[in-house]
Amino acid sequence: MGETAVYGLSSVVGRLLNYLLVPLHTKVFLPDEYGIYGYLYSYVGFLMVMLTYGFETAFFRFTQEQKDKKDAFGTAVFSFFISTAIFLGIFLLFRYSIADIIKIPEHPEYVIWFALIIAFDVLVAIPFARLRLQGKAFQFAGIKVLNIIVNIGLNLFFLMLCPYLLKEQIATEFISKIYNPEIGIGYIFIANLLASASTFIVFLPQYLKEKLSFNKSLWKKMFRFAAPLLVVGIAAIMNELLDRILLKFCLNGTEEYVNSQIGIYSACYKLAVLMALFTQAYKMAAEPFFFSESKQIGAKQKFAQLMNYFVLFGGLIFLGVNFFIDLFKYFISNEAYWVGLPVVPILLLAYLFLGIYFNLSVWYKLTDKTIYAAYISIVGALITVVMNLILIPKIGFYGSAWTTLIVYVVMTILSYLLGQKHYKVPYEFDKLSTLVGLALLLFVIMRLLIEPNVNQALSYLMKFVFLAVYLIVGYTFFFKKPLTNS
């Protein structure tokens with residue numbers, strides 16, 4: 001359990017530290033520049049899923065069955081080297097065509113940088129997985145933290161220190177050799193590339209000192225196992241990242257306008273990541289609990305109680321961020337981005353439902369019916385595509401935000417209905433829906449009736465009162481009386 005905490009904490013802290021780059025990026029870059037960053041990193045998510053093709057999970061699965069664990073490691077590593085080499089070759093040879101296709105014809109160098117970032121990240125996926133398998137939690141976390149430190153340090157160096165030194169005419173000859181202001185947003189990509197390369201270098205001695213072997217029959221078994229996971233992964237990443245790609249292709253206007261809309265949406269999306277971080281931290285702690293408690297007496301009641309805790313505190317985050325958005329907005333350094341703040345409540349609610357969906361997912365994980373996860377994800381992906389195509393031309397990035405919410409609500413409903421047939425957990429959905437409804441009601445009353453009509457001091461007082469009301473109702477619902485057995 002302690003190792004799980006280390007893995008989870010390193011992952012959450014990593015996202016949090018990278019999240020802290022948002023004030024820097026939004027201060028240095030205008031929305032149209034930042035939009036390029038948000039747009040291109042959406043492709044990275046897709047390519048990472050496609051190029052790892054579920055083999056990390058397959059490695060865990062088949063390592064348990066192999067007498068010689070090196071077979072599974074070597075087979076997975078060789079597979080990644082071959083597929084990554086093919087990927088790199090294609091992207092390097094056709095970088096100009098790819099740049100045209102993804103609408104960045106003036107920056108084919110971005111295609112090269114991103115191809116290298118993805119390649120390095122793919123090639124360390126199996127070594128990272130083996131560290132988890134070997135129980136080397138602190139080594140795993142240490143290498144992750146190294147990557148983050150290098151990335152943040154280089155962002156600060158290129159985006160703050162170098163411009164400052166040039167402005168103050170300090171060490172200008174040296175700085176001019178390593179820094180070109182015209183590269184601009186590209187320095188975010190360069191920093192990421194060097195951070196990914198540093199992680200690969202850390203693992204390189206493992207590659208060099210081991211005699212890796214490729215087992216063809218084992219590879220076929222691993223691929224058959226991993227193929228459905230690839231489908232689930234692609235569908236899931238579509239639900240999360242496709243909106244920024246579709247914004248690029250579906251918005252009407254000049255290139256600068258389209259990029260600025262993506263930049264505004266991407267920056268404001270980061271404020272909703274507070275709910276995502278809470279969900280991820282909860283997931284890291286809860287998932288081992290689900291499996292360890294599944295055969296215990298009263299397990300289903302415990303799972304229902306966990307759902308109560310999640311919704312209670314998730315609703316509190318929803319209200320807290322929205323009530324004090326006038327403070328949170330300063331996390332986005334440039335006022336030019338603030339026009340997109342109305343999407344934050346929609347996205348926070350979407351991530352709340354995603355967390356509820358994760359809680360509900362216990363049924364297909366414990367009954368080995370993970371094929372239903374694929375079905376649900378595919379339904380979500382189809383809705384993502386159709387609704388974005390319909391709504392983006394009409395209401396811009398607001399269409400993407402509403403689509404995200406609707407997708408996660410639908411996935412939650414589907415998972416609940418299917419779960420009640422295959423592994424019935426006595427969730428108190430009447431009370432849960434009432435609590436979510438109360439959070440929404442308090443938000444609407446505050447936003448429409450109180451904030452426009454009172455001064456800031458009284459508004460803040462009322463916000464704390466509303467938060468107290470929400471917590472009191474939640475306590476009365478869920479913690480005053482125990483769940484009844486079913």
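Along the sequence shown, residues carry numbers from 1.
- Under 3.5 Å, the side chains of N151 and N155 contain a donor-acceptor pair of N or O atoms.
- Side-chain contact between Y427 and N308 is absent, with no heavy-atom pair separated by less than 4.5 Å.
- At least one side-chain heavy atom of F80 sits under 4.5 Å from a side-chain heavy atom of T52.
- Side-chain contact check for T434 versus L438: every heavy-atom pair is 4.5 Å or farther apart.
- Using a 4.5 Å heavy-atom cutoff, the side chains of L440 and F318 are in contact.
- For the pair F46/M238, a side-chain contact is recorded, criterion being any heavy-atom separation below 4.5 Å from C-beta on.
- Distance check, rounded to the nearest 0.5 Å: CG of N322 to CD1 of I317 gives 11.5 Å.
- Rounded to the nearest 0.5 angstrom, R244 CZ and Y43 OH are separated by 12.5 Å.
- A 6.0 Å sphere centred on CZ of F223 holds no more than 12 heavy atoms belonging to other residues, nucleotides or ligands.
- A ring-centre distance under 6.0 Å is found for Y37 and Y34.
- Of the inter-residue distances, the one linking L418 atom CG with W363 atom CH2 reads 5.0 Å to the nearest 0.5 angstrom.
- The distance between the ring centers of Y351 and F278 does not fall below 6.0 angstrom.
- With contacts defined as side-chain heavy-atom distances shorter than 4.5 Å, the pair L389/V385 qualifies.
- The minimum heavy-atom distance between C268 and V343, with the atom names listed, is CB-CG2, 3.9 Å.
- A distance of 5.5 Å separates CG in L442 from CZ in F466, rounded to the nearest 0.5 Å.
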Report, one line per pair, each donor and acceptor closer than 3.5 Å where one atom sits in a side chain of residues 401-408; sequence neighbours left out.
unit_1	atom_1	unit_2	atom_2	d
T403	OG1	G399	O	2.7
T404	OG1	S400	O	2.9

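- Partners of K463 by salt bridge (Lys or Arg N to Asp or Glu O under 4.0 Å), not counting sequence neighbours, listed by chain and number: E451.
- Side-chain atoms of N388 do not come within 3.5 Å of backbone N or O of L246 as any donor-acceptor pair.
- Annotation: Y41, atom OH; neighbour count of heavy atoms from other residues, nucleotides and ligands within 6.0 Å is above 12.
- If you check the side chains of Y372 and S415, you find no donor sitting under 3.5 Å from an acceptor.
- Within the 4.5 Å cutoff, side-chain heavy atoms of W338 are placed close to those of E335.
- Annotation: the span from S79 atom OG to N215 atom CG amounts to 12.0 Å, rounded to 0.5 Å.
- Side-chain atoms of M307 and L360, non-hydrogen and from C-beta on, do get closer than 4.5 Å to each other.
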Before giving the answer on side-chain contact (heavy atoms from CB on, under 4.5 Å), spell out for D326 and Y460 the whole-Å C-alpha distance, their side-chain angles and the decisive distance to 0.1 Å. CA-CA 11 Å; D326 56 331; Y460 275 22; 2.7 Å; yes
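- Note that the CZ atom of F443 and the CG atom of L348 stand 9.0 Å from one another [nearest 0.5 Å].
- Ring centroids of Y416 and F429 are separated by less than 6.0 Å, placing the two rings close together.
- Ring centroid separation for the pair F464 and F324 comes in under the 6.0 Å cut-off.
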Stepwise side-chain contact (heavy atoms from CB on, under 4.5 Å) test for F29 and L159: CA-CA 10 Å; F29 300 111; L159 302 181; 3.6 Å; yes
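- Between F203 and F128, the ring centre distance stays below 6.0 Å.
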Intermediate values then yes/no, side-chain contact (heavy atoms from CB on, under 4.5 Å), M411 and F353: CA-CA 9 Å; M411 290 172 63; F353 274 96; over 6 Å; no
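- Defined by atom type and a distance below 3.5 Å, a donor-acceptor pair is present between the side-chain atoms of Y265 and D243.
- Counting heavy atoms of neighbouring residues, nucleotides and ligands inside a 6.0 Å radius, atom CE of M48 exceeds 12 of them.
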